[in-house]
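Below is one structure; the comments refer to it alone.
Chain A is the first sequence line, chain B the second, and so forth, proteins listed ahead of strands; every chain is numbered from 1.
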Amino acid sequence: MTSNMTSDATGTAATAATGTDPVRSAAMALGDDALILSHRLGEWAGHAPVLEEEVALANIALDLLGQARLLLSMAGDEDELAFLREERSFRNLQLVERPNGDFAHTIARQLYFSFYQHELYSELAAGDGPFAPLAAKAVKETAYHRDHAEQWTLRLGDGTQESRARMRAALDELWKYTGEMFQPVDGLEGVEWPALEERWLATVGAVLERAGLTLPEGPRTGAWAAGAGRQGLHTEPFGRMLAEMQHLHRSHPGASW
Amino acid sequence: MVTVTPESGQEAGPGTGPAQPGHGEIGDLGAQLAAAFDAAVAADERVEPRDWMPDEYRASLVRQMAQHAHSEIIGMQPEANWITRAPSLRRKAILMAKVQDEAGHGLYLYSAAETLGTSRDELLDKLHSGKQKYSSIFNYPTLTWADVGAIGWLVDGAAITNQVPICRCSYGPYARAMVRICKEESFHQRQGYELLLALSKGTEAQHAMAQDAVDRWWWPSLMMFGPPDGESAHSAQSMAWRIKRHSNDELRQRFVDIAVPQAESLGLTLPDPDLKWNEERGHYDFGAIDWAEFWDVLKGNGPCNEQRLSQRRTAHEEGAWVRDAAAAYAAKHARQADRPAARPADGTTAEPAGHPATNHEETQA
């Protein structure tokens, strides 16, 4: 039985989408993380602060989209899952759906997520579960994503007064979305979540220290923020994002592209 | 005043006539250099950055390469307009990779232009202030998903027709950049064709969407080759310098001859009642191009001129604090690196301002 069954008001729709197969459920959680963050990064195209970042952000978005396609295909038809589910059936972390904000917000989101994803995929790659082959390939990509986020955190934290202030504000604002990353995910039973969280805090903390910054101090858990995305509870901008993403596909039911 | 057309990087309008090699007050050495340059170019030898070259040759190349680079980065906008709405994940991946390639082409071309003694910042300032142009085709809007396919098939198709000869251009760095760019562009063109084919063979609504897009993009694509040969003042000089190898009309005809049978295979029509095979010429005849529209869009009155330039300026202005931060960080760490024992504690490399990103685009299709 999935953890969302008791508290989720739209349990029927959500259950229909996630099913009760734990592997499928985990594929959807990880696949939705990758799909939604890829979409947000894709919104930068044509708006990046420097040409190299047009290339780099698109590159990360493409890596994530590739991961999303493999993962969602483990759970069903990738396009049906991406374009025909309602908001409440998505299982991504709230962190990845947060709007891009300024470049510092995007980097803070990348820092928090890429370090999490890298730790998680490293652990999955080392195991012998159904996600091991995919994680082994993805971990090479997440190492690059992590490096990109780290380099920019150093530049922004240790750059100008303005960049430092913006980076500080972004880290603080997104901090409350980081707690749910370490809520156990059905289907990923082998993962040592508390140890993962320790490693994440240590590695992210070390980067911030080198950037002359510190880990934010606010709460990372709470009735709403902890595990909410994984249970299909999202933030307001997410619905609008989905409306844009799904509109064309839904306007032509049954069409092939 | 010289009107610069973005297409093929030529100049048209009240021109300055064929230029002489840049050796105004020359002594024997200058004359020898100019003669050696002319002979090398005539023998199809490559000119390299450290070689002597006439000032006008250098200026003409900078202008053409800058316009080309600007076209790549402005050209990201009409297609990026559909990334967030791509109707399948496969199409979304293809489109994102394509837009990313265009950013990459911009990078190669700005770098190639820098070998002539200019800088990317300087060229971007000229784009933002309207002193340099980009291809007028990008001043048309992408109204439906099918426009993504029409741009790939027609606009990239026209661009390839223009650009393949530049792979043999006399200036080495430009020619070499173009070899790589043309490979990627031809990939984009096939993807555009394949997108349109799926729509054409799809539902009635999808077919109509494809036809509408082709109807809107056909004529502007023909205009991409620039004004007719008689009105293209600098073509002669560009051809003598082996920067340009074929005339505008010659390339336009080549494109039409390729596109017509492709349209038939797509099951789509081209919006020109005068289009028909001419047995005698061995080419397709086609109708008159509306040059008034071309000049009007070039002057800034196209549907998206202001929007494109304004988005570019905004991205640049809003990114200023990011570039400043990267520059400040690089400067601090360069100072630390100057002191023998003080390598950056974090092991990072201080990179030049404005070039901060890690780039591993080679891994992408």
Side-chain angles (χ1 to χ4, degrees), chain A residues 35 38-39 42-43 45-59 61-63 65-66 68-69 72 78-79 82-83 102-104 141 144 147-148 150-152 154-160 162-164 166-167 207 210-211 241 244-249 251-252 254-257, chain B residues 73 76-77 79-93 96-97 99-100 102-104 106-107 110 120 145 195 198-199 202-203 205-206 311-312 314-316 318-330 332-333 345-346 348 354-361 363-364:
Chain A
L35 177 74
S38 165
H39 185 94
E43 292 174 351
H47 299 274
V50 61
L51 201 44
E52 282 81 354
E53 283 308 292
E54 292 284 0
V55 176
L57 294 172
N59 223 342
L62 277 164
D63 286 344
L65 184 53
R69 296 182 64 191
L72 292 180
E78 60 174 32
D79 285 337
F83 296 104
D102 66 3
F103 189 69
E141 297 167 348
Y144 161 72
D147 183 54
H148 174 264
E150 178 175 336
Q151 298 302 320
W152 271 111
L154 294 175
R155 287 189 192 100
L156 299 185
D158 192 15
T160 62
E162 180 180 7
S163 70
R164 183 187 184 74
R166 284 179 184 258
M167 193 63 202
V207 173
R210 277 159 50 215
M241 193 209 96
E244 183 173 337
M245 183 174 105
Q246 297 182 335
H247 163 259
L248 178 60
H249 183 97
S251 298
H252 298 263
S256 316
W257 300 94
Chain B
I73 64 167
M76 295 169 69
Q77 291 182 29
E79 296 182 273
N81 184 36
W82 283 92
I83 286 178
T84 53
R85 292 175 289 172
S88 74
L89 296 186
R90 174 174 167 264
R91 292 288 176 200
K92 189 172 186 167
M96 278 208 279
V99 174
Q100 185 197 34
E102 281 155 9
L107 281 174
Y110 286 120
R120 195 204 305 180
W145 169 250
L195 189 161
L199 294 179
T203 65
Q206 286 176 307
Q311 178 177 327
R312 183 85 263 301
T314 304
H316 193 72
E318 288 181 355
W321 71 268
V322 178
R323 296 190 301 276
D324 289 348
Y329 179 85
K332 272 185 220 177
H333 288 264
D346 52 40
T348 55
H355 299 256
T358 314
N359 175 340
H360 77 154
E361 92 277 21
T363 59
Q364 300 299 336

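Interatomic distance, A/H39 NE2 to B/L89 CG, rounded to the nearest 0.5 Å: 11.0 Å. Atom NE2 of A/H247 is separated from atom CH2 of B/W145 by 14.0 Å, given to the nearest 0.5 angstrom. Annotation: the span from A/L62 atom CG to B/M96 atom CE amounts to 4.5 Å, rounded to 0.5 Å. Annotation: the span from B/W321 atom CH2 to A/D102 atom CG amounts to 5.0 Å, rounded to 0.5 Å. Taking OG1 of A/T160 as the reference point, atom NZ of B/K332 lies at 8.0 Å (rounded to 0.5 Å). Taking NE2 of A/H47 as the reference point, atom CZ of B/R312 lies at 10.5 Å (rounded to 0.5 Å).
Considering only heavy atoms from C-beta on, A/D158 comes within 4.5 Å of B/H333 through its side chain. B/Q206 has its side chain within reach of A/W257: a pair of non-hydrogen atoms, C-beta onward, lies under 4.5 Å apart.
Contact check on B/K92 versus A/E78 returns no salt bridge, with no Lys/Arg side-chain nitrogen under 4.0 Å from an Asp/Glu carboxylate oxygen.
Checking side-chain atoms of B/Q311 against main-chain N and O of A/G46 turns up a donor-acceptor pair under 3.5 Å.
Ranked by heavy-atom pairs under 4.5 Å with chain B, the list A/A68, A/G254, A/A45 is led by A/A45. Ranked by non-hydrogen atom pairs under 4.5 Å with chain B, the options A/E54, A/E244, A/H249 are led by A/E244.
Proximity to chain A is limited to the backbone of B/A86, based on heavy atoms less than 4.5 angstrom apart. Looking at B/L199, the atoms closer than 4.5 Å to chain A (heavy atoms on both sides) all sit in the side chain, from C-beta outward.
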